[in-house]
Amino acid sequence: MPKQRTYIIGHKKPDTDTISSAIGYAKYKNKTQNEKYVPARAGELNPETQYVLKKFNVQKPNLLKSLKDKKVILVDHNEFSQSVDGIEQAKLEGVLDHHRISKPESQKPIYFHTEPVGSTSTMVAEKLLRYGELEKSLAGILLSAILSDTVVHRSPTNTKKDEEIANKLAEMLDINIEEYGREMLEKKSKIGEKTPREIVLGDFKEYEMANRSVSIGQVETVSPQQVLEKKEKILDEMNDIIKERKYDLLLLLVTDLLEEDSEAFVVGETKRFEEAFGERVEQDSAFLEGVLSRKKQVVPKIRKQFN
Ligand code: MG
Ligand code: MG
Ligand code: MG
């Protein structure tokens, strides 16, 4: 009987790190293990990721709609609420991630590797570089993911290791990190014809916090004005979404990548947000100075309020 393949997959609302780390880690596992590993994705690709895959001529992974009964390795997340449906009935074989550990459960001992670095792709590239083989196309998408997740090394999540690995990859590819980084940030910023709902749900994460449900969307942009001017319509949409999905608190962070600040739109239990940040919410929003990272500067403060 042929062996069952193992899917390597990142979080819903995939970003460049989730996609690149799945592709890169599958490559690494196929080189080093006598099993079959297949990269997969949990949803449609955002414009930045489409741009990156096209630029380096890499095929997008296949879409998986359910993980039920499948062998699975999770990358770039470990919180089941961010996984594709059916994760509770999947055979969890491993985790490779750079987020806080939530409560994933496995039936057997598994390989569980997390590091407090700026991107999962840093960890994947390190493994591939140590193994001694890294195709240029793969180096390109991994470098892009590192620059995307760390906002070209500006985010507080960035570490020395991210820079060292990114420098090695950039050298292999003869790419200037600042120049290419700016090009990518502009792709990330393409709001264009997006509807208010697409703006809120484009880069969106759901969190369980002591049986309460909190969700946080983020728009990272070099031109926040194009989002802020749609504030009223976006808030209408957020009020619909919170009712539909029964969240206790819903945020949208509009992050200015150049000024390195965020404006937060807040719907639901506003008081929790105010206590978390010591900021008043006025007309359903608040300014968060120096806030770039949802993971490191927002989620922990909110979680504290609910726990
Ligand atoms: Mg991610
Ligand atoms: Mg990541
Ligand atoms: Mg991100």
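Just so you know, these numbers use all the heavy atoms, side chains as well, and skip hydrogens, waters and symmetry mates.
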Residues that P47 engages under side-chain contact (heavy atoms from CB on, under 4.5 Å), provided they are two or more places apart: none

Non-neighbouring partners of A139 that pass side-chain contact (heavy atoms from CB on, under 4.5 Å), sequence neighbours left out: L134, L169, M172, L173

Partner set under side chain to side chain donor-acceptor pair (under 3.5 Å) for S83, not counting sequence neighbours: H77

Trace of the side chain to side chain donor-acceptor pair (under 3.5 Å) decision for D162 with T159: CA-CA 5 Å; D162 299 302; T159 66; 2.8 Å; yes

Exam field: side chain S144 to backbone G140, donor-acceptor pair closer than 3.5 Å: yes

Contacts of K304 that satisfy side-chain contact (heavy atoms from CB on, under 4.5 Å) - sequence neighbours left out: none

Over-ring placement of K187 relative to Y51, 6.0 Å and 45° cut-offs: yes

Main-chain N/O of L201 paired to K13 side chain as donor or acceptor, under 3.5 Å: yes

Atom pair NZ/CE of K243 and M238 - distance to nearest 0.5 Å: 12.5 Å

Check against side chain to side chain contact (heavy atoms under 4.5 Å, CB included), L74 and D97: CA-CA 8 Å; L74 300 180; D97 188 21; over 6 Å; no

More than 12 heavy atoms from other groups under 6.0 Å of CD on Q107: yes

NZ/NE/NH1/NH2 to OD/OE distance under 4.0 Å, K205 and E79: no

Under 3.5 Å donor-acceptor, Q33 side chain and K29 backbone: no

Side chains of Q89 and L67 in contact at under 4.5 Å (non-hydrogen atoms): no

Intermediate values then yes/no, side chain to side chain contact (heavy atoms under 4.5 Å, CB included), H99 and T114: CA-CA 7 Å; H99 292 84; T114 71; over 6 Å; no

N/O donor-acceptor pair under 3.5 Å between N78 side chain and S102 backbone: yes

Working for side chain to side chain donor-acceptor pair (under 3.5 Å), residues K231 and S285: CA-CA 9 Å; K231 178 174 174 180; S285 77; 2.9 Å; yes

Residues, nucleotides or ligands: over 12 heavy atoms within 6.0 Å of E244 CD: yes

E229 atom CD, neighbour heavy-atom count above 12 within 6.0 Å: yes

Inter- and intrachain pairs under salt bridge (charged side-chain N to carboxylate O under 4.0 Å, His left out), touching residues 165-181, at least two apart: R154-E178

Donor-acceptor pair, side chain of Q4 and main chain of K70, under 3.5 angstrom: no

Residue pair D85, S66: steps toward the side chain to side chain donor-acceptor pair (under 3.5 Å) verdict: CA-CA 5 Å; D85 296 349; S66 168; over 6 Å; no

Verdict with reasoning, T6 to V38, per side chain to side chain contact (heavy atoms under 4.5 Å, CB included): CA-CA 6 Å; T6 302; V38 180; over 6 Å; no

Pairs where residues 104-122 contributes a residue and the test salt bridge (charged side-chain N to carboxylate O under 4.0 Å, His left out) is met, not counting sequence neighbours: E93-K108, E115-K161

Nearest-0.5 Å distance that lies between atom CG in L257 and atom CG in L185: 5.5 Å

D76 side, atom CG; S21 side, atom OG - distance, nearest 0.5 Å: 5.0 Å

Of all pairs that satisfy ring-ring contact (aromatic ring centres under 6.0 Å, His included), the ones with a partner from residues 3-49, not counting sequence neighbours: none

Pairs meeting criterion salt bridge (charged side-chain N to carboxylate O under 4.0 Å, His left out) with involvement of residues 50-69, two or more places apart: K55-E183

For A145, all residues meeting side-chain contact (heavy atoms from CB on, under 4.5 Å), sequence neighbours excluded: T16, D17, S20, S121

K296 (side chain) donor-acceptor with P156 (main chain) under 3.5 angstrom: yes

Neighbour count above 12 (heavy atom, 6.0 Å) for N307 CG: yes

K136 atom NZ, neighbour heavy-atom count above 12 within 6.0 Å: no

Pair R197 + E237, salt bridge at N-O below 4.0 Å: yes

Working for side chain to side chain contact (heavy atoms under 4.5 Å, CB included), residues H113 and T120: CA-CA 10 Å; H113 182 181; T120 310; over 6 Å; no

Side chain to side chain donor-acceptor pair (under 3.5 Å) assessment of T255 paired with Q218: CA-CA 7 Å; T255 301; Q218 184 173 29; 2.9 Å; yes

Single-linkage hydrophobic cluster, 4.5 Å side-chain cutoff, I19 and V72 together: no

Expected output: side-chain T270 to main-chain G268 donor-acceptor under 3.5 Å: yes

Side chain to side chain donor-acceptor pair (under 3.5 Å) involving E282 - partner list, sequence neighbours excluded: none

Of all pairs that satisfy salt bridge (charged side-chain N to carboxylate O under 4.0 Å, His left out), the ones with a partner from residues 262-272, not counting sequence neighbours: R212-E269, E269-R272, K271-E274

Any donor-acceptor pair under 3.5 Å from S223 side chain to Q225 backbone: no

Atom pair CG/CZ of L64 and R41 - distance to nearest 0.5 Å: 9.5 Å

Between CD on residue E164 and CD1 on residue I146, distance to nearest 0.5 Å: 11.5 Å

Nonpolar side-chain network containing Y207, other nodes, edges under 4.5 Å: M209, V214, I216, L249, L251, L253, V266, F273, F277, V281, L288, V291, V298, V299, I302, F306

Residue from V52, D15, L53 passing side chain to side chain contact (heavy atoms under 4.5 Å, CB included) with L45: L53

Within 6.0 angstrom of E232 CD, more than 12 heavy atoms from elsewhere: no

